[in-house]
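Just below is one structure, and these are the notes that go with it.
Numbers here are sequence positions counted from 1.
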Amino acid sequence: MTQFDMLLRQGLMDANLEQYGRVLRSVEAKEPDFSPRYLRERMRLLSAPQEWERRQTRPAPRRRKIPRGIAVAIAVLLLITAAAAAAVSLWVTYFGGLDQRQQEIVGDMELSGEKTGKPETTKTTAESLLPPPVEHDGVTITPLRLLGAKNRLYLILEIRAPEGTVFRPDETYQLFDGMRVPEERRTEMLGCSGGFTVLEAGTREPNILVGVAETTTSFDIGGCSYLVRALYRYTPDGEQETVFGGWDSEAGPTDSWEFPIPEDLNRDQLLEPDVEGLAMTDGGKTMTLLSMSVSPLGVWWKYRLDGEDPWPRVRVALRMRDGSEVEAALGQLTMGDMGSGCTASVDFAKPVDLSQAEAVLWGDVEIPLEQGSEK
């Protein structure tokens, strides 16, 4: 290995460690094999490549000074790598860590906005499908990345508020958002729930907020629109104030930032096992399945209910090929009526590799998953 190869390898490793450092420190695990010294050295290399190389004191009998062009090239490569790692680390930070396979799943599913400045004719399919920025009343909201399937949606949003607005990491922010469903699909009871997780507050510029808006619905989100109505701020003392947007007691929302969601979003990532007629009896109620969709993000099913409990709760998990189980979160969104059937959905804490899943455990019913049933 040449001196250039060793230097490049060390620099790339340090760039990755810089991005994952906070996540690694946040888990109860063995102390990571790096120190603040490495991070300081990386910053020195980026700011002054030649000076960094000159001051190295490790023995190198045949060391030659790196030419200026090569040193600059190394710095550029490190910056590019750091930028790519930063994009990945947004999801890593949000999910609380992702292993290599989980990062690959996210990469296969997400729509990225890293290159939306390119001419329309040169954009990839994913780049063209990502909703464009929306500016209204001095506020610009830009979708940076979109991850979703069936009835689960994650949107990384960059919110640029008017000059003079200051976002602070010690304050809590809440989005007033929702989904717009096409008129022709409003034939049954619909519902959604969600939340907003702040990733950066005033880090790059005082008036920029970056966060993940998450939404779970009782319907297929493909072809719908995600709406932002307002942003609220909560101070450490619990006081609420409106950052932008608003609500009128008679007219309803007064502002709207609307983002269309692509049709058939990640349909190729779904498993749809044949479940029609499968039933489970619990106490005085019987649930009979009509359909089910399994994505790396969660499980959605439709069923008919006989009994007095309109909102039954069901344990859902995936049994993997190695014998382990991946259990869905306890929160379950249930909607519908006795006539047309009810829907329910649960989410996984982190994206799941469905290629390693053998069956869905729906209550006490085991449903085999055949990879050939992908849609």
Side-chain angles (χ1 to χ4, degrees), residues 90-91 94-95 105-113 125-134 141-157 175-197 211-229 253 256-272 290-303 316 328-329 331-337 340-352 354 374-375:
L90 291 176
W91 290 123
Y94 173 73
F95 285 111
I105 295 170
V106 169
D108 290 340
M109 295 181 66
E110 72 169 353
L111 304 183
S112 169
T125 300
E127 292 165 353
S128 297
L129 290 175
L130 188 75
V134 176
I141 302 180
T142 303
L144 300 180
R145 291 175 177 264
L146 184 155
L147 178 65
K150 192 64 177 186
N151 67 323
R152 184 63 170 166
L153 177 70
Y154 299 96
L155 262 175
I156 298 183
L157 300 174
L175 272 186
F176 174 24
D177 59 0
M179 299 291 296
R180 186 191 301 281
V181 181
E183 189 67 35
E184 63 272 14
R185 291 171 53 184
R186 301 178 191 176
T187 58
E188 59 185 52
M189 187 183 299
L190 304 175
C192 65
S193 65
F196 183 64
T197 302
V212 179
E214 56 180 282
T215 302
T216 300
T217 68
S218 63
F219 51 89
D220 193 335
I221 61 174
C224 299
S225 293
Y226 171 75
L227 303 176
V228 174
R229 303 291 196 182
S256 179
W257 290 256
E258 184 167 345
F259 304 93
I261 306 302
E263 294 273 5
D264 297 327
L265 181 63
N266 280 318
R267 289 284 298 177
D268 59 341
Q269 300 287 337
L270 296 180
L271 295 178
E272 297 185 341
L290 300 175
S291 62
M292 176 178 285
S293 295
V294 184
S295 83
L297 307 178
V299 181
W300 178 95
W301 65 96
K302 189 168 186 176
Y303 63 98
V316 177
Q332 177 178 311
L333 177 65
T334 305
M335 294 294 296
D337 56 64
S340 61
C342 302
T343 63
S345 62
V346 292
D347 308 317
F348 298 121
K350 299 180 182 182
V352 178
L354 294 186
E374 293 183 15
K375 302 293 183 181

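The side-chain contact (heavy atoms from CB on, under 4.5 Å) test applied to Pro132 returns no partner, not counting sequence neighbours. Among residues two or more places apart in sequence or in another chain, the side-chain contact (heavy atoms from CB on, under 4.5 Å) test is passed with Ser293 by Lys150, Glu272, Trp300. Residues satisfying the side chain to side chain donor-acceptor pair (under 3.5 Å) test with Ser345, not counting sequence neighbours, are Asn151.
Between the side chains of Glu258 and Ser256, no donor-acceptor pair of N or O atoms lies under 3.5 Å. In the model, Asn266 has no side-chain atom that pairs as donor or acceptor with a side-chain atom of Ser295 under 3.5 Å.
No side-chain heavy atom of Val134 sits under 4.5 Å from any side-chain heavy atom of Val228.
Below 30°, between 30° and 60°, or above 60°: for Trp301 and Tyr303 the angle between ring planes is between 30° and 60°, a tilted geometry.
Only one option out of Leu297, Leu333, Ile221 pairs with Thr216 in a side-chain contact (heavy atoms from CB on, under 4.5 Å); it is Leu333.
Rounding to the nearest 0.5 Å gives a distance of 11.5 Å between CG of Leu227 and CG of Leu175. Separating the CG atom in Leu144 from the CD atom in Glu110 is a distance of 10.5 Å, to the nearest 0.5 Å.
Using a distance-only test at 3.5 Å, with no hydrogens or angles considered, no donor-acceptor pair links the side chain of Ser218 to the main chain of Thr343.
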side-chain contact (heavy atoms from CB on, under 4.5 Å) evaluation trace for Ile141 with Phe259: CA-CA 10 Å; Ile141 302 180; Phe259 304 93; 3.6 Å; yes
